[in-house]
> 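Below: one structure in structure tokens.
Side chains included, hydrogens not; waters and symmetry mates left out as well; all remaining heavy atoms used. Throughout, protein chains are lettered first and strands after them, A, B, ... in sequence-line order, and every chain is numbered starting at 1.
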Protein chains: 2
Amino acid sequence: MTSYLEKIASYIKSIDSETLTELQRISSEKKYKKGDLLLRQNEICEKSYLLLSGIARKYYLNDGKEITTELYFENDLAVSFESYTLQQPGREFIEALTDITVSITHYQAFQDAKTKYPKLVTLDLMLAEYYGMWVEHRLFQFHTMTATERYLDILTKSPHIVQAVPLTIIASYLGISLETLSRIRARI
Amino acid sequence: MTSYLEKIASYIKSIDSETLTELQRISSEKKYKKGDLLLRQNEICEKSYLLLSGIARKYYLNDGKEITTELYFENDLAVSFESYTLQQPGREFIEALTDITVSITHYQAFQDAKTKYPKLVTLDLMLAEYYGMWVEHRLFQFHTMTATERYLDILTKSPHIVQAVPLTIIASYLGISLETLSRIRARI
DNA sequence: TTCATTATTTGACCTAAGTCAAATTTCGCG
DNA sequence: CGCGAAATTTGACTTAGGTCAAATAATGAA
């Protein structure tokens with residue numbers, strides 16, 4: 001499934017330069033400091049953020065507790081999917097966990113570009129498909145794996161997460177308490 | 001979010017008749033008996049099934065236990081998302097829970113049609129977006145809700161599920177044991 | 001360096017949910 | 001209608017993971 005990212009990359013390479021130029025024209029680079037919020041609860045996610053460097057996360061509040069739903073590293077695309085898709089206020093925050101550099105594209109500019117450059121519709125579709133498969137995998141983890149199995153899964157498949165992100169955040173990402181995560185780690 | 005389905009429906013209505021005719025041309029109706037499998041583990045999901053009548057489900061095996069991942073009613077589109085998207089063997093089964101009638105569209109025929117009728121690419125995108133938001137909501141339920149809350153959620157938002165589907169299947173859909181579901185129901 | 005803050009670990013106890021086993025209840029079918 | 005299989009409930013017990021509290025450990029700014 002990871003190789004789907006390669007398929008997307010190779011699709012992008014196959015796109016004519018005119019379309020790519022348009023894509024660049026509607027995108028701009030920006031830097032954020034560690035702790036900055038790119039998106040807040042109740043806002044409409046009007047931009048997509050392609051992470052060029054650094055680490056970020058998406059989370060929401062549940063009973064005042066922060067529940068991390070996604071972690072972003074280089075080349076990951078950060079958006080609050082439902083808020084972005086529906087262009088309605090959502091409950092998610094996007095936060096820089098380190099200083100970051102992102103490439104920002106406005107929703108409306110991208111929609112407009114899609115009407116002129118049909119290849120962008122296919123790109124949009126591929127990105128949505130990739131996200132769908134990714135969320136499906138997350139759901140599978142919650143549906144059938146124990147806390148320990150979920151931790152071992154990211155330890156194996158995404159070790160960069162474990163070394164770069166505080167345990168509090170990893171615990172909420174795994175849907176367990178900080179203490180339980182600590183005990184899982186102690187037990188190997 | 002449910003209204004996104006309406007948006008999809010209204011998008012379909014806005015599609016020119018030539019495109020719609022093509023869509024009909026590559027689709028065909030078929031009936032299945034209760035218990036029939038439309039897709040098995042390790043097969044490639046080469047078709048999408050639009051449910052015209054009856055009830056179906058998608059599930060996979062985990063330690064020999066059937067884990068239901070989705071329930072389908074009239075007008076729902078049944079596919080094993082990852083297997084369909086990647087055209088690779090997957091682990092999911094699709095099963096008729098009652099006698100059903102479906103409208104079948106072949107993956108490849110739809111891909112071919114998309115190259116001639118660009119509106120179908122947008123339709124495909126909208127369907128993928130809808131599925132992504134739906135899975136995100138399921139993940140949210142598993143991430144932050146208790147078993148009781150999850151049951152009350154479907155009882156409230158999808159009461160048709162509870163009246164039409166055996167508890168064994170609902171329990172696995174909610175990620176809890178049959179006994180726990182029975183106790184939750186007893187406690188109201 | 002040092003102190004203060006934040007991150008992580010450990011302990012004691014609690015609770016939601018699981019498991020196994022044995023009733024019941026429900027239902028399709030002859 | 002009545003029986004056998006399947007569905008659902010109930011009981012007794014176990015366990016994964018949560019909560020609250022306190023103790024360490026790690027970090028970073030002055």
> What is the separation between atom CZ on B:R185 and atom P on D:dT10, rounded to the nearest whole Å?
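From B:R185 CZ to D:dT10 P: 11 Å.
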> How bent is the helix from C:dT1-D:dA30 to C:dG30-D:dC1, measuring the angle between the end axes built from five pairs each, rounded to 10°?
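If I round to tens, the end axes sit 50° apart.
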> Should the pair B:Y32 and B:Y49 be assigned to parallel (<30°), tilted (30 to 60°) or perpendicular (>60°) ring geometry?
perpendicular
> May I have the step-by-step check of side-chain hydrogen bond (donor to acceptor under 3.5 Å, both in side chains) for B:E95 and B:Y59, ending in yes or no?
CA-CA 8 Å; B:E95 179 194 22; B:Y59 70 93; 4.7 Å; no
> Let me know which of A:I67, A:L61, A:N62 forms a side-chain contact (heavy atoms from CB on, under 4.5 Å) with A:R91.
A:N62
> Extract from the structure each pairing of a protein N or O with an N or O of nucleotides 17-23 of chain D at less than 3.5 Å, listing the distance.
residue: D:dG17; atom: OP1; partner: A:A147; partner atom: N; Å: 2.8
residue: D:dG18; atom: OP1; partner: A:S177; partner atom: N; Å: 3.4
residue: D:dG18; atom: OP2; partner: A:S177; partner atom: N; Å: 3.2
residue: D:dG18; atom: OP2; partner: A:S177; partner atom: OG; Å: 3.2
residue: D:dG18; atom: OP2; partner: A:T180; partner atom: OG1; Å: 2.5
residue: D:dT19; atom: O4; partner: A:R183; partner atom: NH1; Å: 3.4
residue: D:dC20; atom: N4; partner: A:E179; partner atom: OE2; Å: 3.2

> Measure CG/B:N62 against P/C:dG18 and give the value in whole Å, please.
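The distance from CG of B:N62 to P of C:dG18 comes to 14 Å, rounded to the nearest Å.
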> So, for B:A164 and B:I55, which heavy atoms are closest and what is the spacing to 0.1 Å?
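Closest approach of B:A164 to B:I55: CB-CD1, 3.4 Å.
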> Can you check the A:L167 CG to C:dT10 C1' distance for me, whole Å?
14 Å
> Decide whether B:E29 and B:T101 meet the rule of one side-chain donor and one side-chain acceptor closer than 3.5 Å.
no
> Between D:dG28 atom P and A:D99 atom CG, what is the distance in whole Å?
13 Å
> Does the ring center of A:Y60 lie less than 6.0 Å from the ring center of A:F93?
no
> Pair A:E74, A:S53 - check side-chain hydrogen bond (donor to acceptor under 3.5 Å, both in side chains), show working.
CA-CA 5 Å; A:E74 202 173 315; A:S53 72; over 6 Å; no
> With a cut-off of under 6.0 Å to the ring centre and 45° to the axis, is A:R150 in cation-pi contact with A:F142?
yes
